[in-house]
Amino acid sequence: MLLFDMDGTLIDSNGVWKDVDREFLARRGLPYTHAYYEGVAHTILPLAAKFTKEFCHLTESCEDIIAEWMDLAKDAYAHVEIKPGVRAYLKQCRAEGRHMAVVTSSVPEHCHTALERLDLEKYFDRITFAHDLGLEKKNPEIWLSAARAAEVPPESCTVFDDSLSACRGARAAKMRVVGVYDDFFAQDEEAMRGFCDVYIRSFQELLWMPEQKEEKRRRRS
């Protein structure tokens, strides 16, 4: 079973949230700092809002903070692009008969908007939303939940994610991990290379070479 993160792994969308964060903070005369980034990157909105409220000493409710974020990001997911090699790799995996699912911290509305527009939903058996479970992806339970939903043992799962903390969560669930480069987490590349079973800069690295395709064709014939 292959489990794919969405933001920064399948689609080039991490910049959406950096822009949202910068605009949200700028409206309040606050700087976008590394400490803030560390507090909100790749977590679910309720926890990010709680962190933001406390870190920035805001009077707004967490619900109001989330509503403003959603408004700032409302159209962005209708325009995000797929990352290089993703579509070809998903087609390749489907041709191999591999089962695939998405595990994402994105809210369902944004996830469905992006995957439907890019015609990617057809490749996946199911989507596990961290938002619905109230879990961050650094928590191994979200990965175990995805494995249970697919009725497969965690040891038979391979996770693709651009976040080091998410990869650690998946490894703690006894899954194989493939780290995926994204500019948003560029500072973690060295650590990701040291931690992950495989690390890729692009899904193009995983595509069959012409001679491999021919060999697989011969084996099936």
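None of the values given here were measured: they were computed from a predicted structure.
- Under 4.0 Å is where a charged nitrogen must lie from a carboxylate oxygen, and between Arg176 and Glu155 no such pair does.
- In the hydrophobic clustering (ILVMFWY side chains linked at under 4.5 Å, chained through shared members), Leu144 stands by itself.
- A side-chain donor-acceptor contact under 3.5 Å links Ser156 to the backbone of Pro153.
- Under the rule for a salt bridge (Lys or Arg N to Asp or Glu O under 4.0 Å), the partners of Lys50 that lie at least two apart in sequence or sit in another chain are Glu54.
- A chain of hydrophobic side-chain contacts below 4.5 Å, direct or via other Ile, Leu, Val, Met, Phe, Trp or Tyr residues, connects Phe184 to Val86.
- Counting Ile, Leu, Val, Met, Phe, Trp and Tyr side chains that sit under 4.5 Å apart, directly or through other members, Leu135 shares a hydrophobic cluster with Met1, Leu3, Val103, Leu133, Ile142, Trp143, Val152, Val159, Leu164, Met175, Val177, Tyr181, Met192, Phe195, Tyr199.
- Side chain of Lys83 to backbone of Phe203: no donor-acceptor contact under 3.5 angstrom is found.
- Because its NZ or CZ atom is both nearer than 6.0 Å to the ring centre of Phe24 and within 45° of the ring axis, Arg28 counts as a cation-pi partner of that residue.
- The backbone N or O of Leu118 sits less than 3.5 Å from a side-chain atom of Arg87, completing a donor-acceptor pair.
- For Asp12, there are no salt bridge (Lys or Arg N to Asp or Glu O under 4.0 Å) partners, not counting sequence neighbours.
- At most 12 heavy atoms of other shown residues, nucleotides or ligands fall within 6.0 angstrom of atom CZ in Arg98.
- Of all non-hydrogen atoms in Ser202 and Pro84, the two that sit nearest each other are OG-O, 3.4 Å.
- Between Glu23 and Lys18 there is no salt bridge, since no side-chain N of the basic residue sits under 4.0 Å from a carboxylate O of the acidic one.
- Contacts of His112 classified as ring-ring contact (aromatic ring centres under 6.0 Å, His included), with partners at least two apart in sequence or in another chain: Phe129.
- A donor-acceptor pair is defined here as one N or O able to donate and one able to accept, closer than 3.5 Å; such a pair exists between the side chain of Lys53 and the backbone of Glu60.
- Remark: the backbone N or O of Ala48 is not paired with any side-chain donor or acceptor of Thr43 at under 3.5 angstrom.
- Closest approach of Thr9 and Phe160 over heavy atoms only: CG2-O, 3.7 Å.
- Ile65 and Ile44 are members of different hydrophobic clusters when ILVMFWY side chains are connected at heavy-atom separations under 4.5 Å.
- Applying the salt bridge (Lys or Arg N to Asp or Glu O under 4.0 Å) test to Glu205 and every residue at least two apart in sequence or in another chain returns nothing.
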